[in-house]
There are 2 protein chains.
Amino acid sequence: MSDKRKTTRRRRGSEQPTLQQVADAAGVSAITVSRALNTPERVNAETRVKVLATVERLGYVPNLVAGSLASSRSRFIAVIVPSLANAVFIEVIQGLQDTFERQGYQILLGNTDYNIEREYQLIRTFLGWSCSALVTAGLRHSEACRSLLGNWDKPIMEVMELGDALDLNVGLDHHEAGRCMARHLLGQDYRSIVYVGACLDRDYRARMRFEGHREVLQAAGLAAPMIELDQLGSLDAGAAGLEQVLDTCPGAHAIHFANDDLAAGALLRARRLGLTIPGDIAIAGFNGLPLGQHVTPRLTTIRSPREDMGRLAAEEVLKRLDAKRVTRRQHDVGFELLIGGST
Amino acid sequence: MSDKRKTTRRRRGSEQPTLQQVADAAGVSAITVSRALNTPERVNAETRVKVLATVERLGYVPNLVAGSLASSRSRFIAVIVPSLANAVFIEVIQGLQDTFERQGYQILLGNTDYNIEREYQLIRTFLGWSCSALVTAGLRHSEACRSLLGNWDKPIMEVMELGDALDLNVGLDHHEAGRCMARHLLGQDYRSIVYVGACLDRDYRARMRFEGHREVLQAAGLAAPMIELDQLGSLDAGAAGLEQVLDTCPGAHAIHFANDDLAAGALLRARRLGLTIPGDIAIAGFNGLPLGQHVTPRLTTIRSPREDMGRLAAEEVLKRLDAKRVTRRQHDVGFELLIGGST
DNA sequence: CGCTACCATGTTAGCGCTAACATAGTTTTA
DNA sequence: TAAAACTATGTTAGCGCTAACATGGTAGCG
């Protein structure tokens, strides 16, 4: 390097004051300011007051990027869901956010659009942010993703369904939910029951429910016809689904929809067509959305405790982060059959 | 410091390979690996291939925290909304996320729960992450928040409503939307019109719409009664609102609800009560949610282009980040009156 | 052919913070 | 009363990356 040109290669990022500047202004060392902010109980009360006043006076905002690099811990929690269009995931996120933010963690939200490759990319990026934990919806991941997570030493929480999880798991048994509704429909003496779902390759939990449903019908010696729509859960798709059933299965007594959006769309369309429910056709859903309780007749459905699922998932992750005992890796949050007038 | 104890104070964060390790393995310098990953066009094709193969082989995941510190740029966009329970914000977020993620930006989502003090805290934290830009719902902020943002040199985008913005602004005119619906109702010859809102101090945009509504009614020489519910937009609240109107304003011809959730709740309840719509009571909403088009009769409402609003907001921010010309600071996305059978 | 221009890559010095260890003063313990 | 333990604060050395400048080679040009 050239000899004299010590032009002190300056590179200040922003004009924000730094920890060091606060320390100088307060007449202490940088580490004392750091401690006053992060572990106040380890600083003498008098010093603490002086430092915090200086922080306030200078309008100091801690650079969390630098802090994370130094400590190799960020207070990020990666949360990955397949869609934001579905109220179900929103409610889980609310439960997560509520619990995590209360503890000073920030959620990094990723949306895969039901694309398993996209999930891998998101997880890669999130690992680069030194997240403290990962919460992801579902148990299905790409091979690349599994091997990436295999080398990761932070808590991993898989929510929504139960099964063979990577680490922690909070969810419900979708096969059993499908069986439960099918049993209810049989109990009401419907014999010709159609299952209507949408995009079951992506919404594979709906397929699990169908499998449970089919099991029960077959055990009763009945056929289990299924119709798959090509648009994800929406009122429109449900209305279309109803019409498709009326066209192609004229003798159907009941329709078991994969979710409440579809079921409510069908129910509203049926009423508009002047059909009697459940006389002409019975309708059942899944999720327990509020809408189902406001339509007439009330929708028979299965309520899943979504916000609680998020909350419980977050609590279990927090326990892990606090190095608390791991009591159980798996939690079944269950579900509840809500019987309305629609069946 | 003691003389000999050069115990090389090691502090490796994780076991992840670093840039330097990739560089050594590939036989180049660290900066070349950095360039191969971040500005591949500035590296010879042959070298690039060799480096990327090594990256792949070692399973290297870039430490984004370190990168952000060094460059004092993160690819975070702070997004602050008052609630996730409201579909309106979700759709705006979807528009934002879709556009930003496509450009490699990650959204940091904050939820204020309609608490203006919480907004300040969130913004403080987000500034600490060296966000590239801030998108926030609404123009109302605390004094502390304004002064914090005053010193900030990155793009700030305020969405949802139009007005005196800090920087960029994409939204619609809520006063005008209120006027528009009031004019429609007058045009249908309703004379006794009640406005029903919920928590109008928090949902102040609904209050703006009420003010537009009141202006029009008063100009026509009519009273503009208003009922405020104490539960934010939900079907339940709407049903309760309808009953309150029936009780307290027995001569009402029409109800102008602050949003579609309330309106749909009222409409469904009215039908359950056996009322004729719009004969016994006319009902109007705001938002243009799909549900409004599925109830019978269809709900008269105002559709706001929410996802487009998010998309446009993101595009404007991206233009700024690319140092493109700032054509306009403010964009009115407009709205559309949807006339259904409910009025 | 000497000059500038440019391309590909390297060297050095931080970014702003915290972990790890050090030190001085005070209290407790045997 | 000396040693051990604890309290409050400071010093040093990175965390893993990129900006800024440096260097050597090749091409272009009059």
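Side-chain atoms are counted along with the backbone in the values below, which use heavy atoms only and exclude waters and symmetry mates. Each chain gets a letter, A, B and so on, in the order the sequences are listed, and its residues count up from 1.
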Choosing from dT18(C), dT18(D), dC17(D), which nucleotide comes nearest the side chain of N63(B)? dC17(D)
Find which nucleotide of DNA chain C each of R42(B) and I31(A) is nearest to by heavy atoms, and output the residue with the more 5' nucleotide. R42(B)
What integer distance in Å separates R75(B):CZ from dC17(D):C1'? 16 Å
Applying a 4.0 Å non-hydrogen cut-off, can you work out what V28(B) is touching in the nucleic acid: base, sugar-phosphate, or nothing? sugar-phosphate
Heavy-atom check, side chain of V51(B) versus side chain of V43(B), under 4.5 Å: no
Salt-bridge criterion met for R311(A) and E307(A) (N-O under 4.0 Å): yes
Can you tell me the distance, in whole Å, between the CD atom of Q20(A) and the P atom of dA13(D)? 16 Å
Taken to the nearest whole Å, CD/E46(B) to C1'/dC7(C) is 15 Å
Ranking dT18(C), dA20(D), dG16(C) by distance to the side chain of A30(A), first place goes to dT18(C)
Can you figure out which of dG16(C), dT18(C), dG10(D) approaches the side chain of A66(A) most closely? dG16(C)
Checking all strands, does V43(B) fall into the base, sugar-phosphate, or nothing category for heavy-atom contacts under 4.0 angstrom? sugar-phosphate
For the residue pair D167(A) and P155(A), what are the closest heavy atoms and their distance? OD2-CA, 3.5 Å
Looking at E101(B) and R118(A), is any side-chain nitrogen of the basic one under 4.0 Å from a carboxylate oxygen of the acidic one? yes
Side chain of A70(B) - closest among dC17(D), dT9(C), dA19(D): dC17(D)
Is the distance between the ring centroids of W152(B) and F126(B) under 6.0 Å? no
When rounded to whole Å, the CG to C1' distance for the pair L64(A) and dC17(C) reads 10 Å
Distance in angstrom units between W129(B) CH2 and dG16(C) P, rounded: 15 Å
Please report, rounded to the nearest Å, how far the P atom of dA19(D) is from the CG atom of L19(B). 12 Å
Across the strands shown, which category fits R73(A) at heavy-atom distances under 4.0 angstrom: base, sugar-phosphate, nothing? sugar-phosphate
Of R48(A) and S34(B), the one whose closest DNA chain D nucleotide lies more 5': R48(A)
May I have the distance from Q21(B) (atom CD) to dC17(D) (atom C1'), rounded to whole angstrom? 13 Å
Within less than 4.0 Å of OP1 or OP2 of dC17(D), is there a side-chain N or O belonging to Y60(B)? yes
Of the candidates dG10(D), dT9(C), dT18(D), the side chain of S71(B) sits closest to dT18(D)
Report yes if a side-chain nitrogen or oxygen of N44(B) is closer than 4.0 Å to either non-bridging phosphate oxygen (OP1 or OP2) of dC7(C); otherwise report no. no
To the side chain of T18(A), which of dG16(C), dA19(D), dT18(C) is closest? dG16(C)
Without decimals, in angstroms, what is the distance between K50(B) NZ and dT9(C) P? 8 Å
Of the options dG16(C), dT9(D), dA8(C), whose atoms approach the side-chain atoms of T47(B) most closely? dA8(C)
Neighbour count >12 (heavy atoms, 6.0 Å) for atom CZ, R146(B): yes
Side-chain N or O of S29(B) less than 4.0 angstrom from OP1 or OP2 on dT9(C)? no
Under 4.0 Å from OP1 or OP2 of dC17(D): is there any side-chain N or O of S68(B) that close? no
